[in-house]
Undergrad: 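This is the structure I want to talk about, given as structure tokens.
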Amino acid sequence: MNEASRHTYGGSAENQDGEKVFFGLWLSVGTGIVAAATFGYFSIVASGTTLDISQIGIASISIGLVLALIHWMIFNLYESELRRVIAHTESLVEVERSEAHGETYRPKLGLMAVVEAVDQAFEGLRQRMERMVRQRRELEVQVRVSDAARRHAEAILGSISDAVIVTDEFNEVVLANETAADIFQFELATSLRKPLEQVVSDPTLIKLIRDTREDDALVHRRKVEHHINHHGETKFYEAALSSLVGSATERGKTSGVVTVLRDITQEKKIAETKNDFVSNVSHELRTPLSSIKAYMEMLVDGEANDEQTRSEFYNIIQGETNRLSRLIDNVLNISRIESGVVRVQREHISLYGLIKEAVEVMKPQARAKNVELIFTSQVLLVQVFADGDMIYQAVINLVSNALKYTPSRGRVTVSMDADQHRQIVKVNVTDTGVGIAEEDLPHLFEKFYRVKDHKNLAKGTGLGLNLVKHIIDTVHAGSVKVTSRVGMGSTFAFTLPLVSYEHLEQGP
Amino acid sequence: MKRETPLILVVDDEIHILHVVKMKLANAGYEVITAEDGEEALEIALQQQPDLIITDYQMPYLTGLDLCIALKQHETTRTTPALMLTARGFSLARKHLDQTNICGVISKPFSPREILTRVVEQVEGEVSTWGHTP
């Protein structure tokens with residue numbers, strides 16, 4: 001066999017080949033003889049002449065030899081071409097062959113070989129197709145699984161209340177959630193694979209993301225405060241930008257950015273309120289403290305020349321000390337009562353006596369402001385079942401407020417009455433002060449709430465009324481209400497459940 | 001116009017503070033007038049042209065700072081120096097100071113002694129010094 005006939009299969013199964021050719025030859029001779037004999041017989045029968053057996057024999061053998069020669073010629077001359085044909089047909093099943101046999105393989109020659117080869121080619125094709133169908137099914141399953149995983153991830157993203165936007169190395173949006181779509185006003189479905197600039201119209205944020213992406217640091221995460229204007233309302237966010245370093249990209253290069261925006265508007269507001277509160281408290285503490293220090297120094301320096309002046313100084317110092325003490329109480333009480341640290345001690349108390357005492361304590365402050373403070377009552381012996389200290393504190397706060405917002409020459413009236421039908425006692429604190437606007441009324445009892453216009457008017461922590469409401473409404477099941485007219489004055493009224501009372505013709 | 005007895009205007013919404021500062025200065029021989037808020041103070045200042053103003057910062061209607069700014073804008077009070085009392089504990093910004101004639105800031109709680117010292121410095125010394133008491 002010549003070299004050209006050795007195909008990619010290589011190998012040297014010459015013996016095999018030789019055998020096959022030999023076998024092919026014999027087959028051809030046999031076929032030839034049989035064919036010739038049959039033909040001779042039938043032609044003799046047909047023509048009617050008789051022939052020698054030997055003549056028939058010779059003819060048959062000759063024909064057989066001719067056929068064998070032809071066979072040999074064909075397969076020799078066209079060996080390489082035939083091999084190529086077989087090889088091509090078998091190349092269709094090449095993979096299976098080498099897998100199955102694991103050895104080098106040479107295509108057989110001969111008619112049978114060609115038929116076999118074609119048959120095996122078709123068999124191989126069939127197997128291949130089956131495999132492809134299997135693979136396709138597996139791929140379908142994988143696609144479903146990865147789809148489900150993706151949907152799962154999207155569902156997780158969707159449940160996160162922070163806004164999430166993931167961008168790739170081309171600054172295109174890869175993933176985003178509902179919250180992000182809400183904030184930046186884009187359609188979630190159409191945002192995929194779009195450039196960031198098209199989806200989000202926030203130049204500051206775009207720049208942030210770009211910077212994070214271009215920064216080649218290995219693991220990069222930064223937190224930045226960011227604000228967005230939402231229909232005129234500014235909301236504050238904490239933006240956390242993390243760069244993704246993927247294995248599919250060059251080592252150390254950022255493959256994308258994950259941006260998470262957390263709404264901190266409320267947080268900031270609370271922090272600001274707290275800061276304001278601390279600032280206000282310290283300011284309020286310094287005021288009575290200033291008086292105490294100043295008057296003490298005057299006494300020490302002998303600036304009070306006579307007994308009357310000295311006496312005046314002592315009273316002022318005492319009054320301011322009490323004021324300071326009340327302020328601190330206010331601040332502490334709020335948090336303590338609300339957190340349940342202070343135990344409510346209820347007993348039968350005479351409301352008249354309690355209010356009268358509170359009013360007396362506030363009288364010096366009223367005098368200092370040149371405001372009249374009076375207490376009237378239609379009833380005398382009123383008993384409630386309550387925590388005396390708390391009610392006392394509530395009355396003090398209401399009177400203190402009234403005094404604060406009533407200018408010189410005004411009046412604050414505390415009045416008490418009982419309603420036997422409804423079994424409640426009513427206490428009113430009325431002032432002729434600046435009054436409160438309607439829009440402020442619902443907020444008055446909120447913690448730290450201070451009427452804007454009044455901030456310049458009087459100092460305050462914004463806690464007094466909140467404490468009153470808590471004491472009356474929550475602890476004692478009463479109710480606190482306010483009515484007011486701007487420029488005229490306000491009335492704060494609270495009610496408490498009644499235990500017993502005695503009516504009096506006139507108050508003190 | 002230099003008076004024989006310097007006239008000092010004290011402004012504060014806290015009556016006790018007004019009272020004690022007035023007493024301290026009066027005892028030292030000065031003439032003292034008082035006001036309880038910024039608006040009242042401005043009126044009085046324009047009318048009586050005191051030699052020095054001592055004012056609280058946080059007051060109703062007109063803050064101490066606004067008062068001083070307003071005073072500087074009026075011809076009659078353009079050069080009137082002012083001492084600022086404040087419980088706020090902050091330093092006034094330079095740009096605010098430049099709009100006023102504030103020559104000193106005293107924080108509360110304050111010492112009446114110190115107020116007197118500053119007043120004397122200012123009125124007698126004829127020197128405008130910038131000082132801040134911690």
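In this text, all values refer to a predicted model and were calculated from it rather than measured experimentally. Throughout, protein chains are lettered first and strands after them, A, B, ... in sequence-line order, and every chain is numbered starting at 1.
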Undergrad: Measuring from atom CD of A:E312 to atom CE of B:M23, what distance do you get when rounded to the nearest 0.5 angstrom?
TA: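 So the CD of A:E312 and the CE of B:M23 are separated by 5.5 Å.
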Undergrad: Return yes when atom CZ of A:R411 has more than 12 non-hydrogen atoms of other residues, nucleotides or ligands closer than 6.0 Å, and no otherwise.
TA: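 Open: at most 12 neighbouring heavy atoms sit under 6.0 Å from CZ of A:R411.
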Undergrad: How close do A:A294 and B:P112 get, heavy atom to heavy atom, and via which atoms?
TA: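 For A:A294 versus B:P112, the nearest heavy atoms are O-CG, 3.7 Å.
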Undergrad: Select one option (side chain, backbone, both, neither) describing which atoms of A:T309 are under 4.5 Å from chain B's heavy atoms.
TA: side chain
Undergrad: Where is the tightest heavy-atom contact between A:R286 and B:K108, given as atom of each residue plus distance?
TA: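 Minimum heavy-atom separation between A:R286 and B:K108: CD-O, 3.2 Å.
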Undergrad: Rounded to the nearest 0.5 Å, how far apart are CZ of B:F110 and CD of A:E297?
TA: 9.0 Å
Undergrad: Could you tell me whether A:H443 atom NE2 has more than 12 heavy atoms of other residues or ligands within 6.0 Å of it?
TA: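 Atom NE2 in A:H443 is packed in, count exceeds 12.
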Undergrad: Which one wins on heavy-atom pair count under 4.5 Å against chain B: A:P288, A:S291, A:S282?
TA: A:S291
Undergrad: Tell me, out of B:N27, B:V21, B:I115, who's got the most heavy-atom pairs with chain A below 4.5 Å.
TA: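 Of the candidates given, the most pairs with chain A belong to B:N27.
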Undergrad: What distance do B:H19 atom NE2 and A:I316 atom CD1 have between them, rounded to the nearest 0.5 Å?
TA: 5.0 Å
Undergrad: Can you tell me how far CD1 of B:I15 sits from CD of A:Q365, rounded to the nearest 0.5 angstrom?
TA: 11.5 Å
Undergrad: Count the heavy-atom pairs under 4.5 Å between each of A:D301, A:N370, A:L285 and chain B, then report the option with the highest count.
TA: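 Looking at each of A:D301, A:N370, A:L285 in turn, A:D301 comes out on top.
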Undergrad: Between OG1 of A:T287 and CG of B:D12, what distance do you get to the nearest 0.5 Å?
TA: 8.5 Å
